[in-house]
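Take a look at the structure set out below.
All values derive from a computational prediction rather than experimental measurement. These numbers come from the heavy atoms of this one structure, side chains and all, not from hydrogens, waters or symmetry mates.
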Amino acid sequence: MYPRFSNNLSQPPQPEKPNDDQWTFDENKRFENALTELNLDAPYLFQKLRTRVPGKTVAQVKKHFEALFEDILMIESGHIAVPEYNKISIESKVTTKPFRRKRTPWTKHEHK
């Protein structure tokens with residue numbers, strides 16, 4: 001016999017759980033700052049990192065750390081190209097330079 005499937009159309013839709021893998025810019029910045037301030041060999045590293053990122057669990061912090069570590073390994077092994085930041089910053093400076101009007105020197109009368 002075939003199993004019976006229930007029709008769930010009569011039940012109200014359940015709200016979606018937030019994705020644990022998504023980190024806001026602020027959360028990620030706090031995490032990165034904590035990494036620069038803490039000793040990575042310290043005991044209870046993930047618990048200490050978790051105190052720096054409110055709203056995240058130790059498991060989420062550990063998973064984020066492992067993903068970052070994996071990314072670093074991929075970059076260092078040459079599997080992912082590193083952007084040329086110097087070119088990007090020079091180009092953005094050139095394109096965002098504000099317009100300045102050419103100065104005219106003061107007359108002697110204006111200077112006095």
Side-chain angles (χ1 to χ4, degrees):
M1 298 286 334
Y2 295 104
R4 289 189 86 140
F5 294 101
S6 63
N7 185 353
N8 292 332
L9 295 177
S10 61
Q11 296 177 357
Q14 299 294 318
E16 289 187 32
K17 293 181 181 177
N19 188 349
D20 292 342
D21 295 334
Q22 292 188 359
W23 286 56
T24 65
F25 178 82
D26 183 54
E27 289 170 335
N28 198 48
K29 203 56 161 162
R30 287 173 184 254
F31 176 80
E32 291 173 355
N33 288 340
L35 285 176
T36 63
E37 296 168 5
L38 296 172
N39 178 1
L40 299 183
D41 295 325
Y44 308 108
L45 172 66
F46 299 116
Q47 288 84 348
K48 292 177 182 177
L49 286 170
R50 187 251 163 271
T51 62
R52 303 285 188 95
V53 187
K56 296 293 182 184
T57 65
V58 173
Q60 290 169 325
V61 169
K62 184 176 180 182
K63 186 176 181 181
H64 198 63
F65 179 85
E66 290 169 348
L68 177 63
F69 188 76
E70 188 77 24
D71 289 346
I72 291 169
L73 289 177
M74 293 295 285
I75 291 168
E76 288 179 346
S77 66
H79 288 90
I80 298 175
V82 178
E84 295 182 34
Y85 292 108
N86 291 337
K87 279 188 177 180
I88 293 170
S89 62
I90 290 171
E91 290 172 1
S92 65
K93 287 180 184 176
V94 171
T95 58
T96 60
K97 190 174 182 180
F99 173 76
R100 291 185 61 161
R101 194 176 343 163
K102 187 176 178 180
R103 294 188 320 163
T104 56
W106 287 10
T107 65
K108 288 183 183 181
H109 179 72
E110 289 172 328
H111 190 67
K112 289 181 183 180

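- With rounding to the nearest 0.5 Å, the separation of CG in L40 from CG in L49 is 8.0 Å.
- Qualifying side chain to side chain contact (heavy atoms under 4.5 Å, CB included) partners for T57, counting only residues two or more places apart in sequence or in other chains: A59, Q60.
- Grouping Ile, Leu, Val, Met, Phe, Trp and Tyr by side-chain contacts under 4.5 Å, direct or through others, puts F69 with L73.
- The salt bridge (Lys or Arg N to Asp or Glu O under 4.0 Å) analysis of residues 65-79, with sequence neighbours excluded, yields no pairs.
- A side-chain donor-acceptor contact under 3.5 Å links E27 to the backbone of T24.
- Legend: residues meeting side chain to side chain donor-acceptor pair (under 3.5 Å) with R30, ordered by chain and number and at least two apart, are D26.
- Interatomic distance, CZ of R50 versus NE2 of H64, reported as 14.5 Å (0.5 Å rounding).
- Annotation for K62: atom NZ does not count as buried by contact number, only 12 or fewer foreign heavy atoms lying within 6.0 Å.
- Taking 4.5 Å as the limit, some side-chain heavy atom of W23 sits within range of a side-chain heavy atom of V61.
- With a 4.5 Å cut-off between side-chain heavy atoms of Ile, Leu, Val, Met, Phe, Trp and Tyr, the cluster of W106 takes in none.
- Qualifying salt bridge (Lys or Arg N to Asp or Glu O under 4.0 Å) partners for E37, counting only residues two or more places apart in sequence or in other chains: R52.
- Between L68 and F31, the closest heavy-atom pair is CD2-CE2, 3.9 Å.
- Scanning for salt bridge (Lys or Arg N to Asp or Glu O under 4.0 Å) contacts around D41 gives an empty result, with sequence neighbours left out.
- Between F65 and F46, the ring planes are perpendicular. Angles over 60° get that label, and only those under 30° would be called parallel.
- With sequence neighbours excluded, no residue satisfies side chain to side chain contact (heavy atoms under 4.5 Å, CB included) with A81.
- Considering CG of L45 and CG of N39, their distance stands at 8.0 Å, rounded to 0.5 Å.
- Annotation: side chain to side chain contact (heavy atoms under 4.5 Å, CB included) contacts of H79 (sequence neighbours excluded): M74, S77.
- Residues passing the side chain to side chain donor-acceptor pair (under 3.5 Å) test with Q47: none are found, sequence neighbours excluded.
- Partners of T36 by side chain to side chain contact (heavy atoms under 4.5 Å, CB included), not counting sequence neighbours: none found.
- Every residue two or more places apart in sequence or in another chain was checked for a side chain to side chain donor-acceptor pair (under 3.5 Å) with N33, and none qualifies.
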